[in-house]
Engineer: 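Got a structure here, written out as structure tokens. Questions coming.
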Amino acid sequence: MSVTYIDAIHQALDELLAEDPAVFLLGEDIAGKFGGAFKATKGLDAKYPGRVLNTPIAEDAIAGVGIGAALGGMKPIVEMQFADFGTLALNQAGNNAGAHFYRTGLPVNITLRMPCGGTPGGGPYHSQSLEALFAHYPGLHVFTPATVADAYYMLKQAVQIPDPVVFLEHKFLYRWLKADTWTDPNPLPIGQARIARPGQHATVVAFSAMVPESLRAAEELAATSGYELEVVDLRSVKPLDIDTVLDSVARTARLLVVSEDFPWGGVAAEVVAEVVARGFHLLDAPPLRLCSHDTPIPAHPDLWKAHRPCAASIADAARYLIAR
């Protein structure tokens, strides 16, 4: 039976609530008939009375309540309806949760779930990929699962570490991404990237929804040009596993970094900077990054598709890179 990306998140939340009485859920409309904006928590309030709690529409306050509960020994999992609105909780997430251990030595075990990324019709206020914004703050982990298995295992791992985690779930993957075989007795540890597809002609580094797009591009290039792209799934952007990227670049001598975020100051720029600083001698061509356009995100589905990287534009960028 196929399991979707959001099914895996729902299952992880169910198991976390069952396994640990310190775990509880906070968020806007996550209890009752609504079950969350994307139904990730549907039915859990009835199964775990008093532990799936609706909140006012006030992201800063929601995060603050979660931080207070974490300091009291609880393990809150807070849902922001959209990562775009998580910006309203930046003061709590970055200045309070992120810096608290440094200031006091006390852990803040809070997981902030945020649906991120674009979908057709989402527009500029419900479609942003803001991982670089959260990763900028010391003390915050930022997870970006790109597979059904990682959606499940990384959420369970997030709740077990004593630090605050921003857990970015791509909305486009929720019901589009499915897997028949997805359980893993030995899931990868936090902070370790994976080779999603081996190759020899260029390294493509991606995360979140850009991983399946990059894999589609790799299949297209292999079929049409004979080029074999090595696709590296970062899995998390904080911590950032540059060692795996460097190992891949040592094999391919070329680097393309793909991100759905805006180009300026993003994760793609950080990966390129790290590779150039530590592995310039490995490169046979200047590294490239492929990001969304530096404009607000269009609402019209056709304009949205043209705004972000896709399999076709990734394949075009890889062809250009390999030919240099």
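Not measured: the values here are computed from a predicted model. We count residues from 1, following the sequence as given.
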Engineer: If you measure only the distance, is there a donor-acceptor pair under 3.5 Å linking the side chains of S313 and D316?
Structural biologist: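 Checked: S313/D316 side chains show no N/O donor-acceptor pair below 3.5 Å.
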Engineer: Are Q192 and D241 close enough that a side-chain donor and a side-chain acceptor fall under 3.5 Å?
Structural biologist: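 No donor-acceptor contact under 3.5 Å links the two side chains.
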Engineer: Indicate yes or no: does D243 engage R278 in a salt bridge with an N to O separation below 4.0 Å.
Structural biologist: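 Result for this pair is yes, salt bridge flagged.
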Engineer: Is a side-chain donor or acceptor of K238 paired with a backbone partner of V142 at a separation under 3.5 angstrom?
Structural biologist: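 Not confirmed, K238 side chain does not pair with V142 backbone.
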Engineer: May I ask you to check whether E230 and H201 show a side-chain donor-acceptor distance below 3.5 Å?
Structural biologist: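 There is no such pair between these side chains.
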Engineer: Using a strict threshold of under 4.0 Å (side-chain N to carboxylate O), is an ion pair present between E219 and R197?
Structural biologist: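 Salt bridge between R197 and E219, a charged N being under 4.0 Å from a carboxylate O: no.
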Engineer: Check for me whether the distance between the ring centres of F85 and H126 falls short of 6.0 Å.
Structural biologist: yes
Engineer: Assess the side chains of E15 and Y152: does a donor N or O sit below 3.5 Å from an acceptor N or O?
Structural biologist: yes
Engineer: So do P145 and R235 actually touch side chain to side chain, heavy atoms under 4.5 Å?
Structural biologist: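 When only atoms from C-beta onward are counted, P145 and R235 do not touch, as no gap falls below 4.5 Å.
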Engineer: Within a radius of less than 6.0 Å around NZ of K156, do more than 12 heavy atoms belonging to other residues, nucleotides or ligands occur?
Structural biologist: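 Buried by this count: over 12 neighbours within 6.0 Å.
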Engineer: On the six-membered ring of F34, is K39 placed so that its NZ or CZ lies under 6.0 angstrom from the centre and within 45° of the ring axis?
Structural biologist: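 Cation-pi check for K39 and F34: passes.
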Engineer: Quick one about E169 and Y5 (side-chain donor to acceptor, distance below 3.5 Å, no hydrogens or angles considered), yes or no?
Structural biologist: no
Engineer: Is it the case that the side chain of R194 and the backbone of V232 share a donor-acceptor pair, with hydrogens and angles ignored and the cut-off at 3.5 Å?
Structural biologist: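 Side chain of R194 to backbone of V232, a donor-acceptor pair under 3.5 Å: no, none is there.
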Engineer: When you check the side-chain N and O atoms of S208 and T144, is any donor under 3.5 Å from an acceptor?
Structural biologist: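 Their side chains do not contain a donor-acceptor pair, so the 3.5 Å distance test is not met.
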Engineer: When you measure from the centre of the six-membered ring of F38, is the NZ or CZ of R175 under 6.0 Å away and within 45° of the axis?
Structural biologist: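 That pair does not qualify as a cation-pi contact.
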Engineer: Return yes when atom CG of L303 has more than 12 non-hydrogen atoms of other residues, nucleotides or ligands closer than 6.0 Å, and no otherwise.
Structural biologist: yes
